[in-house]
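Take a look at the structure below.
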Amino acid sequence: MSTALKPASQATGTSIAITGGKGGVGKSNLTVNLAVALGRWGRRVLLVDGDLGLANLDVLLGLVPKRNVEDLVRGEATLEELLIDGPDGVRILPAASGVPDLSRLDQMARSRLLGALSDTASLADDVLIDTGAGLGEATLALQLAASRVLIVTTPEPTSMVDAYATLKVLWTADASKPVDVVVNAADNEETGRWAYEQISRAAEHFLGQVPGWLGPVVRDEKVGEAVRRQQALLELFPGSQAGRCYRQIAMQLTAGTDRAAESSDDFWRRLMDPSNKELSH
Ligand SMILES: Nc1ncnc2c1ncn2[C@@H]1O[C@H](COP(=O)(O)OP(=O)(O)O)[C@@H](O)[C@H]1O
Ligand SMILES: [Mg+2]
């Protein structure tokens with residue numbers, strides 16, 4: 001019986017934080033491939049590397065950023081100069097590793113950054129943020145600023161416990177945040193669903209609500225091969241099993257976005273809002 005199964009959230013906005021309690025669960029590969037899938041469907045996608053410890057979306061895509069957010073804040077680069085072009089029209093904002101320093105920015109720098117980032121609203125239908133692992137404040141700030149959150153886990157108990165912990169911290173901060181689960185590196189659909197239901201049951205019991213189910217990404221050696229070749233899996237092996245899963249998830253993400261109630265600049269506004277307490281440490 002699957003009382004704790006809930007369909008994926010209906011989209012309420014354009015910014016999606018991809019997160020998970022543990023490193024190495026497949027967040028960055030999911031982020032990159034969702035971006036490519038959406039880009040291929042003609043959507044304008046902005047990929048934000050928010051993995052503070054291990055920023056590496058550029059590496060996954062074989063790209064070399066020349067500038068970073070610091071240059072923008074100092075007024076030495078425009079947003080356009082910062083963004084790098086990836087596959088399928090996807091644009092990447094590298095090294096949002098500047099994020100934890102946002103709280104230390106003076107008013108001038110803060111408004112310069114916010115102004116520039118708000119401009120991304122005009123160039124993106126979807127903003128995908130790879131938040132990196134952990135329960136740190138900067139990661140939580142990104143989750144809270146996003147209009148919806150994807151929690152990635154594998155079917156391993158350690159990863160599932162971390163995914164639940166992530167969910168708990170997030171819903172403690174904002175119980176209304178739409179959250180969906182992706183189970184990566186599952187042997188098959190059933191295993192993925194089983195892992196989701198474990199997390200979902202715990203959430204139902206202890207948190208009083210359940211996250212949505214976005215589906216599995218099956219374990220597929222092609223993922224590792226794409227990483228080694230520094231190209232998105234969907235570029236290299238679009239017909240692979242994992243590729244099909246990524247597309248399936250991307251498809252669900254677009255459901256209902258015509259009714260999007262906000263534009264992507266709302267993400268930046270919330271992130272930069274001084275009342276976003278996670279940034280004021
Ligand atoms: N579905 C999958 N099947 C097989 N290997 C995977 C899969 N997803 C991820 N991996 C492997 O795990 C590694 C870590 O993935 P990554 O997306 O960088 O994780 P994270 O961003 O969560 O740290 C990848 O380099 C790849 O080798
Ligand atoms: Mg990563």
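When a residue number appears, it is its place in the shown sequence, counting from 1. Atoms within each ligand, like the ligands themselves, are counted from 1 in listed order. All values below were derived from every heavy atom in this structure, side-chain atoms included, with hydrogens, water molecules and symmetry-related copies excluded.
Among the atoms of N56, none of the N or O lies under 3.5 angstrom from an N or O of ligand 1. Note: an N/O pair closer than 3.5 Å links S28 and ligand 1 by distance alone. Ligand 1 has a nitrogen or oxygen under 3.5 angstrom from a nitrogen or oxygen of N184. Looking at ligand 1, you'll find an N or O of V25 within less than 3.5 Å of one of its N or O atoms. Geometrically, ligand 1 and L30 share no nitrogen or oxygen pair separated by less than 3.5 Å.
At least one N/O/S atom of S28, whether from backbone or side chain, sits less than 2.8 Å from the Mg ion (ligand 2).
Within the 4.5 Å cutoff, the side chain of W171 has heavy atoms near those of the Q209 side chain. Under the 4.5 Å side-chain criterion, counting only non-hydrogen atoms from C-beta, L47 is in contact with L61.
Listed by number with element, the atoms of ligand 1 under 4.0 Å from a non-hydrogen atom of V217 are 1 (N). The V218 neighbourhood of ligand 1 comprises atoms 1 (N), 2 (C), 3 (N), with distances under 4.0 Å to a heavy atom of that residue. Listed by number with element, the atoms of ligand 1 under 4.0 Å from a non-hydrogen atom of K27 are 17 (O), 19 (O), 20 (P), 21 (O), 22 (O), 23 (O). Atoms of ligand 1 found under 4.0 Å from any heavy atom of G224, numbered from 1 in the order shown, are 27 (O).
With hydrogens and angles left out, the side-chain atoms of N188 and T191 include a donor and acceptor closer than 3.5 Å. Side chain to side chain, T139 and T131 fail the donor-acceptor criterion of an N or O pair below 3.5 Å.
Contacts between N29 and ligand 1 below 4.0 angstrom, taking non-hydrogen atoms only, involve backbone and side chain alike.
Closest heavy-atom contact between P94 and L82: CD-O, 3.5 Å.
With sequence neighbours excluded, the residues that form a salt bridge (Lys or Arg N to Asp or Glu O under 4.0 Å) with R40 are D88, E235. Not counting sequence neighbours, E190 has no partner by the salt bridge (Lys or Arg N to Asp or Glu O under 4.0 Å) test.
Every heavy atom of L60 sits 4.0 Å or more from the atoms of ligand 1.
The heavy atom nearest to atom 25 (O) of ligand 1, considering only V227, L233, D130, V152, is found in V227. When A185, A242, G24, G23 are checked for heavy-atom proximity to atom 12 (O) of ligand 1, G24 turns out nearest.
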Legend entry - CA sep, side-chain torsions, deciding dist, call: R43, D126, salt bridge (charged side-chain N to carboxylate O under 4.0 Å, His left out): CA-CA 7 Å; R43 296 176 71 92; D126 305 291; 2.6 Å; yes
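Ion pairing between a basic and an acidic side chain is recognised when a charged N comes within 4.0 Å of a carboxylate O; E197 and R193 show such pairing.
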